[in-house]
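Reading through the structure tokens given below for one structure.
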Amino acid sequence: MELLRTASELHRFLAGARARGAVAFVPTMGYLHEGHVSLMREGKRRAATCVVSVFVNPTQFGPSEDLSRYPRDLVRDTAACEAAGVDALFLPEPGELYPPGAQSWVEVTEVSQGLCGERRPGHFRGVATVVAKLFALVRPDVALFGEKDWQQLQVIRALNRDLLFGIEVVGCPTVREADGLAMSSRNAYLSAEERQRALAINRGLGEAERLLAGGTRDATALCGAVREQLRAADIREDYVEVADGATLRPLSQVAAGQQARLLVAGFLGRTRLIDNAALQG
Ligand code: AMP
């Protein structure tokens, strides 16, 4: 596996790689876990070459968020990529992606509204901007993102369509711990006791899915099942919402045949966790 630190090293690598076939790309912020690895494996299934980036993107963190304490372990990340059969790991410095004087931003207007977009002002502008830069540098044939960050996935799909990147954007299912907690680099912040309480998020999603299967289509009732679990586990709600899976517009009912999504964000102490589930109407 090649370690690439600059755009010119990346370009040199890609010139050879493209001659061998399609290129898959998995952008990450590192502190890799099995969720990330599932994207890499899917990338290797779909393309001859898989490139992974690790970059903790400063512009997607708010001023009171966890940029400075975001977990980092490059030695472990390198080993994880190598074990997953990744061909190149791109590790840019901030100056490589944000040249001095950088003043250009990518704003995806509609799907960035509400949910995490509303609670984390500027977050999706940062995400869309860095992903557009990475897409412009790597120019992959296929790029893989996790459904764990459902709204982010819709932002990337819109960005890819609107800015004519022509990349095949693939959403991959959320990988969970054996007890159901969605894997996340931020789980490292949780104490043992918080880690146990965090299970209430997935439990709540499961309750709502069961209610829907039993014929409950009312969003307030479906969200209520999640809220009940959050309250019992003393998780502070950031949002619980039923939305259309593609547009992310809020729904008051899940109509028959509708591809809806139930999205949750909550705080355990200072740690903010998100999760979501499909609500197939
Ligand atoms: P991050 O490093 O958190 O920015 O995530 C990098 C990519 O991995 C994003 O596309 C995430 O959606 C995806 N990802 C993170 N956690 C999971 C998970 N538990 N299952 C599947 N994909 C994930």
Side-chain angles (χ1 to χ4, degrees), residues 24-46 50-62 65-67 69-74 76-78 80-81 84 86 89-92 97 108 111 115-116 120 123-135 138 140 142-160 167-190 195 198-199 201-202 205 245 248 261 263-265 271-278:
F25 177 48
V26 179
T28 81
M29 298 208 300
Y31 213 70
L32 303 175
H33 51 65
E34 277 302 313
H36 298 111
V37 169
S38 74
L39 309 187
M40 299 172 199
R41 295 224 175 89
E42 188 58 28
K44 280 303 280 185
R45 265 195 290 278
R46 290 171 177 262
C50 182
V51 177
V52 172
S53 63
V54 169
F55 179 67
V56 182
N57 174 37
T59 67
Q60 70 189 69
F61 288 80
E65 292 183 357
D66 56 345
L67 172 61
R69 65 177 190 128
Y70 196 82
R72 290 167 168 86
D73 189 340
L74 211 45
R76 205 166 57 91
D77 288 352
T78 306
C81 289
V86 167
L89 178 54
F90 181 45
L91 303 165
L97 295 185
V108 176
V111 286
L115 305 164
C116 287
R120 304 182 67 189
H123 171 65
F124 286 122
R125 180 173 91 147
V127 169
T129 300
V130 80
V131 170
K133 287 167 185 267
L134 290 165
F135 278 1
V138 179
V142 43
L144 301 104
F145 294 85
E147 292 183 348
K148 155 85 182 356
D149 301 279
W150 185 264
Q151 189 176 17
Q152 169 174 281
L153 175 60
Q154 309 317 313
V155 168
I156 305 297
R157 287 195 191 286
L159 152 82
N160 180 53
I167 297 165
E168 185 187 354
V169 172
V170 177
C172 300
T174 300
V175 176
R176 297 177 181 280
E177 303 284 359
D179 58 11
L181 180 67
M183 289 194 182
S184 164
S185 307
R186 289 190 167 97
N187 291 349
Y189 297 145
L190 301 172
R195 167 75 183 67
L199 298 177
I201 299 172
N202 184 48
L205 291 173
L248 292 177
R261 209 84 196 172
L263 303 108
V264 184
T271 305
R272 183 177 179 277
L273 299 181
I274 59 171
D275 203 345
N276 68 86

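Counting starts at 1 for both ligands and their atoms, following the listed order. These numbers come from the heavy atoms of this one structure, side chains and all, not from hydrogens, waters or symmetry mates. Residue numbers count from 1 along this sequence.
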Minimum-distance protein heavy atom relative to [atom]:
atom	value
atom 14 (N) of ligand 1	Asp149 OD2, 4.2 Å
atom 21 (C) of ligand 1	Pro173 O, 3.5 Å
atom 5 (O) of ligand 1	His36 NE2, 3.4 Å
atom 10 (O) of ligand 1	Gly146 N, 2.9 Å
atom 20 (N) of ligand 1	Val175 N, 2.8 Å

Can you find a pair of side-chain heavy atoms, one from [X] and one from [Y], that are under 4.5 Å apart?
X	Y	value
Cys116	Arg272	yes
Asn160	Glu168	no
Glu177	His33	no
Met29	Phe61	yes

Notebook entry, point to check: Does any N or O atom in Thr174 lie less than 3.5 angstrom from one in ligand 1, N or O only?
Noted result: no
Note to self: I'd like to check whether Met29 has a polar contact with ligand 1, where a contact means an N/O of the residue lying under 3.5 Å from an N/O of the ligand.
What the structure shows: yes
Check: For Tyr70 and Tyr189, what are the C-alpha separation, side-chain angles and deciding distance, and is it a side-chain contact (heavy atoms from CB on, under 4.5 Å)?
Finding: CA-CA 9 Å; Tyr70 196 82; Tyr189 297 145; 3.9 Å; yes
Checklist line | Residue-ligand contact His33/ligand 1, heavy atom below 4.0 Å | finding: yes
Heavy-atom contacts with [X] under 4.0 Å: which atoms of ligand 1 show up? List them by number with element.
X	result
Met183	16 (N), 17 (C), 18 (C), 19 (N)
Phe145	10 (O)
Pro27	6 (C), 7 (C)
Leu39	7 (C), 8 (O), 10 (O), 13 (C)

Check: Please walk me through it: do Val56 and Leu67 pass side-chain contact (heavy atoms from CB on, under 4.5 Å)?
Finding: CA-CA 8 Å; Val56 182; Leu67 172 61; 3.8 Å; yes
Next item on the list: Starting from the C-alpha separation in whole Å, work towards a yes-or-no answer on side-chain contact (heavy atoms from CB on, under 4.5 Å) for Phe90 and Leu134.
Entry: CA-CA 10 Å; Phe90 181 45; Leu134 290 165; 4.0 Å; yes
Notebook entry, point to check: Between Ile274 and Gln151, does a side-chain contact (heavy atoms from CB on, under 4.5 Å) hold up when you go through it step by step?
Noted result: CA-CA 11 Å; Ile274 59 171; Gln151 189 176 17; over 6 Å; no
